[in-house]
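Step one of this worksheet: look at the structure below.
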Amino acid sequence: MQNQRQNLAGRIALVTGAGRGLGGAIAIDLARAGADVAICDIDMPALEATCAAVEAAGAQCLALRCDVSSSSEVARLFAAIAGRFGTLHILVNNAALVPNTSVDSERRNQHYAYITTPVPRQSLGFTSTICDAEWHRYWDVNVHGLFYCTREALRLMEPQRDGRIINIASIAGMSAMSAHSPHYCATKGAVIAFTKSVAAEVAGANIFVNAMAPGGVATPEFTQYFEAAGEEKCNQFWQLIPAGRLGTMEEYASMVTYLAGDHYLVGQVISPNGGAVI
Ligand SMILES: NC(=O)c1ccc[n+]([C@@H]2O[C@H](COP(=O)([O-])OP(=O)(O)OC[C@H]3O[C@@H](n4cnc5c(N)ncnc54)[C@H](O)[C@@H]3O)[C@@H](O)[C@H]2O)c1
């Protein structure tokens, strides 16, 4: 079905980290709105599945391996996009490390128990156990990667005075809802600050930069986490989200498609989150 809110026919979009999860859903939604789509990821089998779905939606798709934390790989990615499509109108900076290892899940369980059940007040001890490598890797992908892609995109968008950049932030960057993952929270806060400064810098050239800061996304991985936690724990957690559920990938993707089209939003942080952060 054609996306009714924005008509992106003739527009060229890039979605980073479009292999699995939200990035794939965003690429497909942009294609349904009429855009042709370049996608990148480090997980090629997942990326090829997204590419097939984008093409099935009627769009052209260019799928390339790229680790966004490498500025030289990002430069090659943008050269390939310019070679294939001639330009870029829409950049969705979605690729990120999200806290989903078993250690992350243990920290998350501990945090959620702490905020949903009466337990003694104490430090949860997360920050004091984060190692240098973990901290730096999050910054390499979530912040440096987002900067490399934005820089390359602006080199194409500034001369044409036309562009939309959507940075995928998180409520982790604007609240204490993800205190279980301080390294992740810090990077998403940086994404929000960078969004605001670049937005003010380039809006005069008709390049509108905004952030979408999701609450919980019902990705297969996050859904699995909640299924494993069991009904009682989930029900306790839903008390923290007035809407009482995670948002679907489609709900978030349609917001990105909106931000990719015609509007008057500059430097805003739009946060679909079911009321988790008001
Ligand atoms: N899942 C949530 O509940 C949630 C909540 C708020 C914000 N977000 C944000 O939404 C975005 C997508 O999250 P998701 O849950 O779909 O994550 P995910 O882990 O399911 O998918 C992330 C994708 O990025 C790719 N990727 C990772 N490192 C990369 C790199 N160096 N270069 C290129 N690609 C790389 C992965 O291979 C994967 O395909 C992220 O920016 C995340 O911070 C997610």
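Just so you know, ligand 1 is whichever comes first in the structure, and atom 1 is the first atom listed for that ligand. The residues of the chain are indexed from 1 along the displayed sequence.
Contact check on E251 versus R245 returns a salt bridge, with a Lys/Arg side-chain nitrogen under 4.0 Å from an Asp/Glu carboxylate oxygen. Ionic pairing of E158 and R151 is not present here: no N-O contact between side-chain nitrogen and carboxylate oxygen is shorter than 4.0 angstrom. Between D262 and R11, no side-chain nitrogen of the basic residue sits less than 4.0 Å from a carboxylate oxygen of the acidic one, so the salt-bridge criterion is not met.
Here the shortest heavy-atom distance to atom 17 (O) of ligand 1, taken over V74, V98, D43, belongs to V98. Between the choices A96, G17, G24, the shortest heavy-atom distance to atom 27 (C) of ligand 1 belongs to A96.
Among the atoms of D41, some N or O lies under 3.5 angstrom from an N or O of ligand 1. Of the polar atoms of V68, at least one N or O is found under 3.5 Å from an N or O of ligand 1, judged by distance alone. Residue contacts with ligand 1: V217 is placed with a nitrogen or oxygen under 3.5 Å of a nitrogen or oxygen of the ligand (distance criterion only).
Taking the ring axis of Y225 as reference, the NZ or CZ atom of R108 stays within 45° of it and closer than 6.0 Å to the ring centre.
Counting heavy atoms under 4.0 Å from ligand 1, residue A169 touches it through the backbone alone. Neither the backbone nor the side chain of A18 has any atom closer than 4.0 Å to an atom of ligand 1 (non-hydrogen atoms only). If you look at K188 next to ligand 1, the close heavy atoms, those under 4.0 Å, all belong to the side chain.
Taking a cut-off of under 4.0 Å to the non-hydrogen atoms of I168, the atoms of ligand 1 that pass are 9 (C), 10 (O), 11 (C), 41 (O). Under a 4.0 Å criterion applied to the non-hydrogen atoms of D67, ligand 1 contributes the atoms 30 (C), 31 (N), 32 (N). Below 4.0 Å from some heavy atom of S170 lie the following atoms of ligand 1, by number and element: 6 (C), 7 (C). Residue-ligand proximity, C66 to ligand 1, at heavy-atom distances under 4.0 Å covers atoms 32 (N), 33 (C). Atoms of ligand 1 found under 4.0 Å from any heavy atom of L22 (numbered from 1 in listed order, with element): 10 (O), 12 (C), 16 (O). Counting the atoms of ligand 1 from 1 in the order shown, those under 4.0 Å from a heavy atom of G215 are 3 (O), 5 (C), 6 (C). Within ligand 1, the atoms closer than 4.0 Å to a non-hydrogen atom of F222 are 3 (O), numbered from 1 in the order shown.
Heavy atoms of E221 come nearer than 4.0 angstrom to ligand 1 in no pair at all.
If you run side-chain contact (heavy atoms from CB on, under 4.5 Å) between N94 and each of D41, I39, L22, only L22 comes through.
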